[in-house]
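One structure is given here, and the rest of the page talks about it.
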Amino acid sequence: MPPEPRPVEGARADVNAAAPEAAWAAALLDWYDRHARRLPWRTGPAERAAGARPDPYRVWLSEIMLQQTTVATVGPYFARFIERWPTVEALAAAPREDVLAAWAGLGYYARARNLHACAQAAAARGGFPQDEAGLRELPGVGAYTAAAVAAIAFDAPAAVVDGNVERVVTRMFRIETPLPDAKPLVRVEVQRLTPRRRPGDFAQAMMDLGATICTPRRPACALCPWRAPCAARAAGVAESLPRKKPKAAKPHRLGVAFVAQRPDGAVLVETRPDRGLLGGMAGPPCTDWTDAPPDAAAVAAAAPIEAEWRAAAAEARHVFTHFTLSLEVLTARVGQGARPARGGFVPAEQARAAAPTALRKALDIGLAALRDVSALG
DNA sequence: AACTCGTGGTG
DNA sequence: TCACCAAGAGT
């Protein structure tokens, strides 16, 4: 492996050359004190001044929701969860079905399954572990989340490394090794940078810096508290970092979704197997999603109920992380006493609210087609 | 180590 | 339209 470029000595001239990390951390915390984002899960400056610590439950809940998810998207979900389940004990006592339905639309549904299991584990032991190793053992809590909760909620000097931090650090030290190969080195540098005082604020400052200044495209280096020591900026290569290994192309998959509606408006939904894609989530029954279109036998075998199925004009299209999907939608009106082979009937609006987005699209297309048919008939 | 696992915003 | 991206974890 070639040696990593390091910050040039001249860039360090204005800081303590013996322990530059301490000066850099101080500069970042000073910036954070002036520019921190106000977020619902953060403790405000006034409360902090009064000695208040963040609520570990809120910190943990926000960190789980924020995994691979934007602040703007998380906001309303976080508010609804806190309103409905104000404590980890309340969340632990909730039916899992309710938690999954409340999570619908946020994606990565293993997070919701693990969230509920984690709440039960934490409640059973009287609260969250206060150290990184203990947190790491909880379901859905990986290296990042354990470090983040330990630092933010419990003031532990843990190395918090998320996508923002990877970007900031690979630029600061001009690390040209592509991710994820560079992760171990990034972690070492973050651990070296993390101060004993205010490690939680330091972690959040790093993420704020990455989110608002050291952005993926067109970073605002002129406003950055680390503009002087940043090696990538000095070399004019900030925007090209971090380097990443190329991703595989997305295959396209096909399937059929079945939307059956009773005279009272209820629609047929089926809870998917707990493992795998959309695990544990409820939506209209489907064929398997395959590379080739499902043949007539596969469609007939997957139909959840005997009915006169009609094809809707539109198809549901959706992009997942690693494949794209087209769902043909078949609709049917069934009798009030219909007995499906699989699944059960729930009010249409409830079904929409609890469905993951891909299946909600199919449901909406089916419901619209059924409305059109009834309008004609 | 490389895959699987969602969704919405952005340029 | 499309690739990239966002406070990653589990296997």
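Per chain, numbering begins at 1; letters A, B, ... match sequence-line order.
At whole-Å resolution of the value, NZ in A/Lys361 and C1' in B/dT7 are 9 Å apart. One atom, OH of A/Tyr77, and another, C1' of B/dG8, lie 10 Å apart when rounded to the nearest Å. A/Arg317 places its CZ atom 17 Å from the C1' atom of B/dT7, with the value rounded to the nearest Å. One interatomic measurement links the two molecules: NE2 of A/His322 to P of B/dC3, which rounds to 11 Å at whole-angstrom precision. At whole-Å resolution of the value, CE in A/Met281 and C1' in B/dC5 are 13 Å apart. In this structure, A/Leu325 atom CG and B/dT4 atom P are separated by 15 Å, rounded to whole Å.
If you check every strand for non-hydrogen atoms under 4.0 Å, A/Gly276 touches sugar and phosphate atoms only. Here A/Ala248 lies out of heavy-atom contact (under 4.0 Å) with every strand. A/Leu278 comes within contact range of the sugar-phosphate backbone alone, with a heavy-atom separation under 4.0 Å but no base atom that close.
At a threshold of 4.0 Å, the pair A/Arg317-A/Glu315 counts as salt-bridged, since one of the basic side-chain nitrogens sits closer than that to a carboxylate oxygen.
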(request) Quick one, give me the B/S/- string for nucleotides 2-11 of chain C, reading 5' to 3', where B means a protein heavy atom under 4.0 Å from the base and S means that only happens at the primed atoms, P, OP1 or OP2. (result) ---SBBBSSS
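Annotation: of the two residues near DNA chain B, A/Pro180 and A/Phe320, the 5′-most nearest-nucleotide partner is A/Pro180.
Here A/His318 does not reach the OP1 or OP2 of B/dG6: none of its side-chain N or O atoms lies under 4.0 Å away. Distances shorter than 4.0 Å separate none of the side-chain N or O atoms of A/Thr73 from OP1 or OP2 on B/dG8.
Looking at A/Glu308, its side chain never comes within 3.5 Å of a backbone N or O of A/Arg333 through a donor-acceptor pair.
Minimum heavy-atom separation, A/Glu239 to A/Arg218: OE2-N, 3.0 Å.
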Would you tabulate the side-chain donor-acceptor contacts of residues 267-281 of chain A under 3.5 Å, counting partners in other chains and residues two or more places apart, or write 'none'?
| from | atom 1 | to | atom 2 | distance (Å) |
| --- | --- | --- | --- | --- |
| A/Glu270 | OE2 | A/Arg342 | NE | 2.8 |
| A/Asp274 | OD1 | A/Arg96 | NH1 | 3.3 |
| A/Asp274 | OD1 | A/Arg96 | NH2 | 2.2 |

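Looking only at side-chain heavy atoms (C-beta outward), A/Gln67 and A/Tyr108 stay at 4.5 Å or farther from each other. A 4.5 Å side-chain heavy-atom check between A/Leu330 and A/Val299 finds at least one atom pair inside the cut-off. The shortest side-chain heavy-atom distance between A/Val169 and A/Met206 falls under the 4.5 Å cut-off.
One P atom belongs to B/dC3, the other to C/dA7, and the distance between them is 24 Å to the nearest Å.
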